[in-house]
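First comes the structure, then the notes that go with it.
Worth saying up front: this structure is predicted, and the values here are computed from it rather than measured. Reminder, nothing fancy here: chain letters follow the sequence lines and each chain counts from 1.
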Protein chains: 2
Amino acid sequence: MRTFARTFASIIVRNMARQHATLKDVAISAGVSYQTVSKVINHQVQVTKETEQRIWQAVETLNYRPNHTARALRSQRSFTLGYSWPPSPKDQTNPILDQFLQSIFEAAEERGYYLLCFPYNSDPKKHLEAYGELIDTGRVDGFILSSVEYQDPRVLFLLEHKFPLAAFGRSDPELVFPWIDVDGAAGIAMVMEHLLELGHERIAALAWPENSRVGNNRMEGYFNTLMAAGIKPVSGWVKRGEGKFSVGYDATLQLLDLPKAKRPTAMIALNDALAIGAMQAARDRKVAIGSQLAIASFDDTPMVQYLDPPLTSVRQPVWEVGQRIIPMLLDYIETGRLPEPTSVLVRPQLIVRGSTGRQI
Amino acid sequence: MRTFARTFASIIVRNMARQHATLKDVAISAGVSYQTVSKVINHQVQVTKETEQRIWQAVETLNYRPNHTARALRSQRSFTLGYSWPPSPKDQTNPILDQFLQSIFEAAEERGYYLLCFPYNSDPKKHLEAYGELIDTGRVDGFILSSVEYQDPRVLFLLEHKFPLAAFGRSDPELVFPWIDVDGAAGIAMVMEHLLELGHERIAALAWPENSRVGNNRMEGYFNTLMAAGIKPVSGWVKRGEGKFSVGYDATLQLLDLPKAKRPTAMIALNDALAIGAMQAARDRKVAIGSQLAIASFDDTPMVQYLDPPLTSVRQPVWEVGQRIIPMLLDYIETGRLPEPTSVLVRPQLIVRGSTGRQI
DNA sequence: AACGTTCGGGCGAACGTTCGCATGCATATA
DNA sequence: TATATGCATGCGAACGTTCGCCCGAACGTT
């Protein structure tokens, strides 16, 4: 037996007697039928200047606002977008969450939409149920997704149900849906070229596990740049693991404990936490960051500018992503056709700081 | 002339022919009237075991889900809560946002509610309009507020409109509304007692401007503890400014450049960014953090555990705040009476690390 | 035998919109 | 003068629920 109404039934409905003006009130005040008022408000029909004038006048004096729920019921559209994202682990902060949210809220509001946010259930099956419920109860017109992976169950589910979505991040190339992504390969390539220019040729990498879509994309920038420079990658110099401090710390200790001839002079990290771990390892081994070991990373968490030395990092154009993903989704919802272009790749920006100071 | 429907009129309504089962479908399938189905689903009426059985069976096979919009229209309740928060400045990350959001999303979902998030408009007048619109269009049943200040316009507005709210943070004592807050005074007092135990008696403070409600509350913990220990506060040792790196850095340099006899041996900061600035200043003046100068702060941003040395800081019980604020608001909405207790103060937790290491 | 009570369930209405079509009137056309 | 065209507006219905009231049958009580 389902229980979707378990709380509903027991609610004591409050009567605040808060009366809003309705279409009918406006109609009476303006001396027309309420359907005409509706049409004027929605700019659907031509009326005489005077009638229109009277109607808007009445709207103004009665302080009329169309009831969203009634409008949604009749038009079968909720003007609401669903969004849920994986929470960041306790020992880390999501560096782009706030900005991304503010950006999509603003872009959505501009077109008359709001965002409905719901918890991220770590059990994929239950998480998909949440999407199903929002769809079936008609609460949302589409979804924003982020942290998309290969064969992402959410993407597959929504495609299967032919329900509109737009994602921050790619999935498998053969899955066609609106997405926008930061060109991670280009970002790391910028870092690599920066290091090459500084004279580094022995560059290690702190990477993520091989099943990470985002990680693999960023690492393309590493391998491609090395290849283009005619440098053969050293297999032991690519360390993989979770993107957290301890992984970066341990991996870097291993690298620094290599015999001098086999030691890298620079390293890139796929995110800031790894790089911060690397910096601590360097300090513990009395290796001067910047001059003896250059370190650079990805994300540009605001506070890395205050590390000692400040960390060179790649900054994602988060605000832009938010501003662009919303129109993609809304165009899809409102026209029923995939937006053109269906997918967008934006370039990140390299922020050079002291951690990649000139080599001695 | 208002334009609330400017986008609405021009929308090409898509016909995805996505058919959901309705009450009537279930009723036909179960051989009863659709109103009876409604009552069974909402547990409002007694029916025979067999009838109920047939109805739930039909619900199951047709995969029926009550249409949220219709339910909201009829019952005049949206089962949605509004939330908007001030975006963090570009050079800082909001350390508790993600956890707080996940917590309130989860707590709300548990009682059948979702959160509608909308952008924070820095112009207070326009920002209040957003609240007004959500109220007037019936999109939300109540609001969550955070970063509440003295004479907070949002609080005043909602109280005036008698619209339900619950806040993370206090406002003026004479304003009665549901709120939950972290006891900042207690948090700083814990830090102060920790420093006193270590033998420090010369303790400076990096504080916020005097019009900050949260800041003043935290500083109570500073002054009260000093007074209780019989230590007279030194006026020049309380530095005030925005809670950012550069302020902490500059203020600390000033303190460290005092003649040795007038110099503090420890300092507290009202947030992590200030403390990180202080640490950098200490490094630049070759002052050993922990032994020569103890530094402690408030917030416990995840990454401060990775600073060198790791930073002693006060951690807010963010998850708990989220779990408790939602029931406060929902009880208020559903019963129409202020929740009991109307306001709650929770204690933060002191996390001791190397930055307050033993004094030499 | 007449009467109240309880139980199971039905019925019409309402929530506030939008939609499709009809209608009346004035103007232009045959 | 009769007929087509356009314009401004009205009308009934529908979206999918919940709500309040009614009704008939079964049961027990006087």
Can you check whether [X] and [Y] have ring centres sitting under 6.0 Å from each other?
| X | Y | result |
| --- | --- | --- |
| B/Tyr83 | B/Phe143 | no |
| B/Phe168 | B/Phe100 | yes |
| A/Tyr131 | A/Phe118 | yes |
| B/Trp85 | A/Phe105 | yes |

- Query: Taking all non-hydrogen atoms of both residues, which atom of B/Pro341 and which atom of B/Val344 are closest, and how far apart?
  - Reply: CG-CG2, 4.0 Å

- Query: If you find the nucleotide of DNA chain D closest to A/Ser33 and the one closest to A/Gln76, which residue's nucleotide is nearer the 5' end?
  - Reply: A/Ser33

Within the structure, does a side-chain N or O atom of [X] lie under 4.0 Å from either OP1 or OP2 of [N]?
| X | N | value |
| --- | --- | --- |
| A/Asn67 | C/dC15 | no |
| A/Thr22 | C/dG16 | no |
| B/Thr69 | D/dT17 | no |
| B/Ser75 | C/dC15 | no |
| B/Thr48 | C/dC7 | no |

[X] [atom1] - [N] [atom2] separation (whole Å):
| X | N | atom1 | atom2 | value |
| --- | --- | --- | --- | --- |
| A/Ile55 | D/dA8 | CD1 | P | 13 Å |
| A/Tyr34 | C/dC19 | OH | P | 14 Å |
| B/Ile41 | D/dT17 | CD1 | P | 8 Å |
| B/Arg54 | C/dG8 | CZ | P | 13 Å |
| A/Ile28 | D/dG10 | CD1 | C1' | 15 Å |
| A/Arg71 | D/dA14 | CZ | C1' | 17 Å |
| A/Arg139 | D/dT17 | CZ | C1' | 15 Å |
| B/His68 | D/dT18 | NE2 | C1' | 14 Å |

Given [options], identify the nucleotide with an atom nearest to the side chain of [X].
| X | options | value |
| --- | --- | --- |
| A/Gln35 | C/dC19, C/dC15, C/dG8 | C/dC19 |
| B/Gln46 | C/dT17, D/dC19, C/dG8 | C/dG8 |
| B/Leu73 | D/dA8, D/dA14, C/dC15 | C/dC15 |
| B/Lys39 | D/dC11, D/dC21, C/dG16 | D/dC21 |

- Looking at OG1 of B/Thr80 and CG of A/Leu116, how far apart are the two atoms once the value is rounded to the nearest 0.5 Å? 6.0 Å

- Message: My understanding is that a pair needs two contacts under 3.5 Å, Watson-Crick or G-U wobble. By that rule, which nucleotide pairs with D/dT29?
- Response: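 Across all strands, the one nucleotide that pairs with D/dT29 is C/dA2.
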
- Quick one: label B/Val32 by what it contacts on the DNA or RNA (base, sugar-phosphate, nothing), any heavy atom closer than 4.0 Å.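 The answer is sugar-phosphate, as B/Val32 gets under 4.0 Å only of primed atoms, P, OP1 or OP2.
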
- Message: Closest-nucleotide mapping onto DNA chain C: is B/Thr36 or A/Lys24 further toward the 5' terminus? I mean the 5' end.
- Response: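 Nearest-nucleotide comparison on DNA chain C picks B/Thr36.
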
- Give a yes or no on whether a donor-acceptor pair under 3.5 Å exists between the nucleobase atoms of C/dT18, that is its base, and the side chain of A/Arg74. yes

